[in-house]
Participant: 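Please see the structure below; I have some questions.
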Number of protein chains: 2
Amino acid sequence: MQKNPGPNKTQAFLDICHQHQLKITPQREVIYRELLKSDTHPTADTIYQIVKGKYPNISYDTVNRTLLTFAEIGVVDVIEIFGGAKRFDPNIKNHHHLHCIQCGKIIDFQSRAYDNLKVPKGLRAKFRVISKRVVLRGICKACLA
Amino acid sequence: MQKNPGPNKTQAFLDICHQHQLKITPQREVIYRELLKSDTHPTADTIYQIVKGKYPNISYDTVNRTLLTFAEIGVVDVIEIFGGAKRFDPNIKNHHHLHCIQCGKIIDFQSRAYDNLKVPKGLRAKFRVISKRVVLRGICKACLA
DNA sequence: TTCCTAAATAATAATCAATCTTATTTGTCA
DNA sequence: TGACAAATAAGATTGATTATTATTTAGGAA
């Protein structure tokens, strides 16, 4: 029972690439596909290691650049983790983070309430808010045990 | 009219060092003093450049290690900025961030409402929350102009 | 279909932040 | 004061990311 990206997501990806005048290359396709299959916020290097199994000639730079390009056109999200490499997340729905300060793990969660947080009145004149994210730092279940 | 750290803050700093059995070295004192004077969330390198003016022999490693030590004993806060070096913040009161995605600036703000955010019910069993931070990403006033 | 061109890639070098190693120096306490 | 553990300086090392450049290729035009 493997998670299946489904043709819909893949098609949407191709459409967005076209919208942005990005060429569809085998590298981009395989990178996107592998990222979709993942559920652990992989780093560029993790994706690189996986993809290299199928395309031994691919370079790390291509993987990293491609993932950043994906972030620019909005098909993936980039997560910055304290003290570590960037992580890429195919889940682009607005979400928030649990950050375990023991093991460093980042866990996504959804919260309608957090999505709808009110921006403090005093700020509205000084800053145009585009997105909101709540980061809860603490200890995850595994580390508590 | 320069911002003055004041003897109280300095004394509190010395006390906390003693509590943690940290030796009081000239390097630690000057690094702490310069960080207190700053209001721009400097990086380790920024502090290094400033301190080097007074102690030409100080090494980057010492500045960086010292700042991390300060973070461990809770006298400074560490901020992770998307795609950049760690930044250090002498303001350890709970606070939140505006992150301008244009110029990269981080602006602190206080919000009682955000401090008191409710943790979603479903999470409480899975995660022990220690601190909460809201990051509002958008465009700052200067960049809007 | 074939050709052309701009875009993308691979390979490598360079950069930047952060950490480690080791010899030396220095706070702190007895 | 003297001893010793802690801290520092200097330089090397690691790891992630970005830049450079020559080569290849996707995709539109003829």
Side-chain angles (χ1 to χ4, degrees), chain A residues 13-34 41-73 75-76 78-88 104 106, chain B residues 13-34 41-73 75-76 78-88 104 106:
Chain A
F13 164 69
L14 297 176
D15 289 348
I16 294 174
C17 283
H18 279 129
Q19 280 168 35
H20 291 264
Q21 283 98 42
L22 289 186
K23 292 180 178 170
I24 310 295
T25 65
Q27 291 91 337
R28 282 179 175 159
E29 289 190 277
V30 69
I31 289 167
Y32 184 70
R33 210 166 339 108
E34 291 303 330
H41 307 96
T43 63
D45 187 68
T46 304
I47 294 289
Y48 172 58
Q49 297 302 336
I50 294 170
V51 169
K52 203 167 56 168
K54 303 180 182 178
Y55 292 75
N57 281 346
I58 203 166
S59 70
Y60 171 80
D61 182 65
T62 295
V63 174
N64 189 55
R65 186 171 22 74
T66 299
L67 289 167
L68 292 173
T69 303
F70 287 172
E72 271 176 37
I73 64 173
V75 299
V76 308
V78 188
I79 304 170
E80 180 85 358
I81 298 196
F82 179 81
K86 279 177 195 154
R87 291 169 172 273
F88 296 89
I106 298 278
Chain B
F13 165 69
L14 297 177
D15 289 348
I16 294 174
C17 284
H18 279 130
Q19 280 167 34
H20 290 265
Q21 283 97 44
L22 290 186
K23 291 179 179 171
I24 311 294
T25 66
Q27 291 91 337
R28 283 179 175 159
E29 289 189 277
V30 70
I31 290 168
Y32 184 70
R33 209 162 344 104
E34 291 304 329
H41 307 94
T43 62
D45 187 66
T46 304
I47 294 289
Y48 171 59
Q49 298 301 335
I50 295 170
V51 170
K52 203 167 55 169
K54 303 181 181 179
Y55 291 75
N57 282 345
I58 203 166
S59 70
Y60 171 81
D61 183 64
T62 295
V63 174
N64 189 55
R65 186 170 21 75
T66 299
L67 288 168
L68 292 174
T69 303
F70 288 172
E72 271 176 37
I73 65 173
V75 299
V76 308
V78 187
I79 303 170
E80 43 187 310
I81 297 196
F82 180 82
K86 280 175 196 158
R87 289 167 174 274
F88 296 89
I106 298 278

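In what follows, every chain begins at residue 1, and chains take the letters A, B, ... in the order their sequences are listed.
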Participant: Less than 4.5 Å apart, any side-chain heavy atom of Thr46(B) and any of Gln49(B)?
Facilitator: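 Side chain of Thr46(B) against side chain of Gln49(B), heavy atoms only: no contact under 4.5 Å found.
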Participant: May I have the distance from Asp45(B) (atom CG) to dT19(C) (atom P), rounded to whole angstrom?
Facilitator: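 The answer, rounded to whole Å, is 14 Å.
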Participant: Without decimals, in angstroms, what is the distance between Leu67(A) CG and dT17(D) C1'?
Facilitator: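 That distance rounds to 13 Å.
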Participant: If you measure only the distance, is there a donor-acceptor pair under 3.5 Å linking the side chains of Thr66(B) and Thr69(B)?
Facilitator: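 On atom types as modelled, these side chains do not qualify, holding no pair under 3.5 Å.
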Participant: Taking the side chain of Leu68(B) as heavy atoms from C-beta outward, which of dT19(C), dA10(C), dA10(D) is closest to it?
Facilitator: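 Looking only at side-chain atoms, Leu68(B) lies closest to dT19(C).
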Participant: Using a heavy-atom cut-off of 4.0 Å across all strands, would you classify Pro26(A) as base, sugar-phosphate, or nothing?
Facilitator: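 Sugar-phosphate, backbone atoms only, no base.
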Participant: Can you tell me how far C1' of dT8(D) sits from CG of Leu22(B), to the nearest Å?
Facilitator: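 Value for this atom pair: 14 Å.
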Participant: Kindly say whether, by distance alone, the side chain of Asp61(B) makes a donor-acceptor pair under 3.5 Å with the base of dC20(C)?
Facilitator: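 Looking at the base of dC20(C), it does pair with a donor or acceptor on the side chain of Asp61(B) (distance under 3.5 Å).
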Participant: Between dT25(D) atom C1' and Glu29(A) atom CD, what is the distance in whole Å?
Facilitator: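 Distance check: Glu29(A) CD to dT25(D) C1' gives 14 Å.
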Participant: Check the distance between dA8(C)'s P and Asn57(A)'s CG and give it to me in whole angstrom.
Facilitator: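 These atoms are roughly 20 Å apart.
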Participant: Do the side chains of Lys86(A) and Leu67(A) get nearer than 4.5 Å, heavy atoms only?
Facilitator: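 They are not in contact (no side-chain heavy atoms under 4.5 Å apart), so the answer is no.
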Participant: Does a side-chain N or O from Gln21(B) land closer than 4.0 Å to OP1 or OP2 of dT28(C), or not?
Facilitator: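 Result: no.
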Participant: Taking for each residue the nucleotide of DNA chain D with the nearest heavy atom, is it Lys23(B) or Ile58(B) whose nucleotide lies nearer the 5' end?
Facilitator: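 Here Lys23(B) is the residue nearer the 5' end.
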Participant: How long is the line joining NZ of Lys86(A) and P of dG15(D), in whole Å?
Facilitator: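 Answer to the nearest Å: 18 Å.
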Participant: Under 4.0 Å, counting only non-hydrogen atoms across every strand here, what does Asn64(B) touch: a base, just sugar-phosphate, or nothing?
Facilitator: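 The answer is base, as Asn64(B) lies within the cut-off (heavy atoms under 4.0 Å) of a base atom.
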Participant: Please determine, for the side chain of Thr62(A), which listed nucleotide (dT8(D), dA10(C), dA8(C)) has the closest atom?
Facilitator: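 Looking only at side-chain atoms, Thr62(A) lies closest to dA10(C).
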Participant: Can you give me the closest heavy-atom contact between Ile58(A) and Lys52(A), atom names plus distance?
Facilitator: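 Taking Ile58(A) first and Lys52(A) second, the nearest heavy atoms are CG2-CA, 4.2 Å.
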Participant: With DNA chain C as reference, determine whether Ile24(B) or Tyr60(B) sits nearer its 5' end, using the nearest nucleotide of each.
Facilitator: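 Result: Tyr60(B).
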Participant: How are the rings of Tyr60(A) and Tyr48(A) set to each other: parallel, tilted or perpendicular (split at 30° and 60°)?
Facilitator: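 Tyr60(A) vs Tyr48(A) ring planes: perpendicular.
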Participant: Can you find a side chain N or O atom of Thr25(A) that sits less than 4.0 Å from OP1 or OP2 on dT9(C)?
Facilitator: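 Thr25(A) to dT9(C) OP1/OP2: side-chain N or O found under 4.0 Å.
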Participant: Are any of Gln27(B)'s side-chain N or O atoms less than 4.0 Å away from OP1 or OP2 of dT26(C)?
Facilitator: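 For dT26(C), neither OP1 nor OP2 has a side-chain N or O of Gln27(B) closer than 4.0 Å.
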Participant: Does OP1 or OP2 of dA8(C) have a side-chain N or O of Arg65(A) closer than 4.0 Å?
Facilitator: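 For dA8(C), OP1/OP2 do not have a side-chain N/O of Arg65(A) under 4.0 Å.
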Participant: What is the distance, rounded to the nearest whole Å, between atom CD1 of Ile31(A) and atom C1' of dT9(C)?
Facilitator: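 Spelled out: CD1 on Ile31(A) to C1' on dT9(C) is 10 Å.
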Participant: Could you state the atom-to-atom distance from OH of Tyr48(B) to P of dA18(C) in whole Å?
Facilitator: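 Between P of dA18(C) and OH of Tyr48(B): 15 Å.
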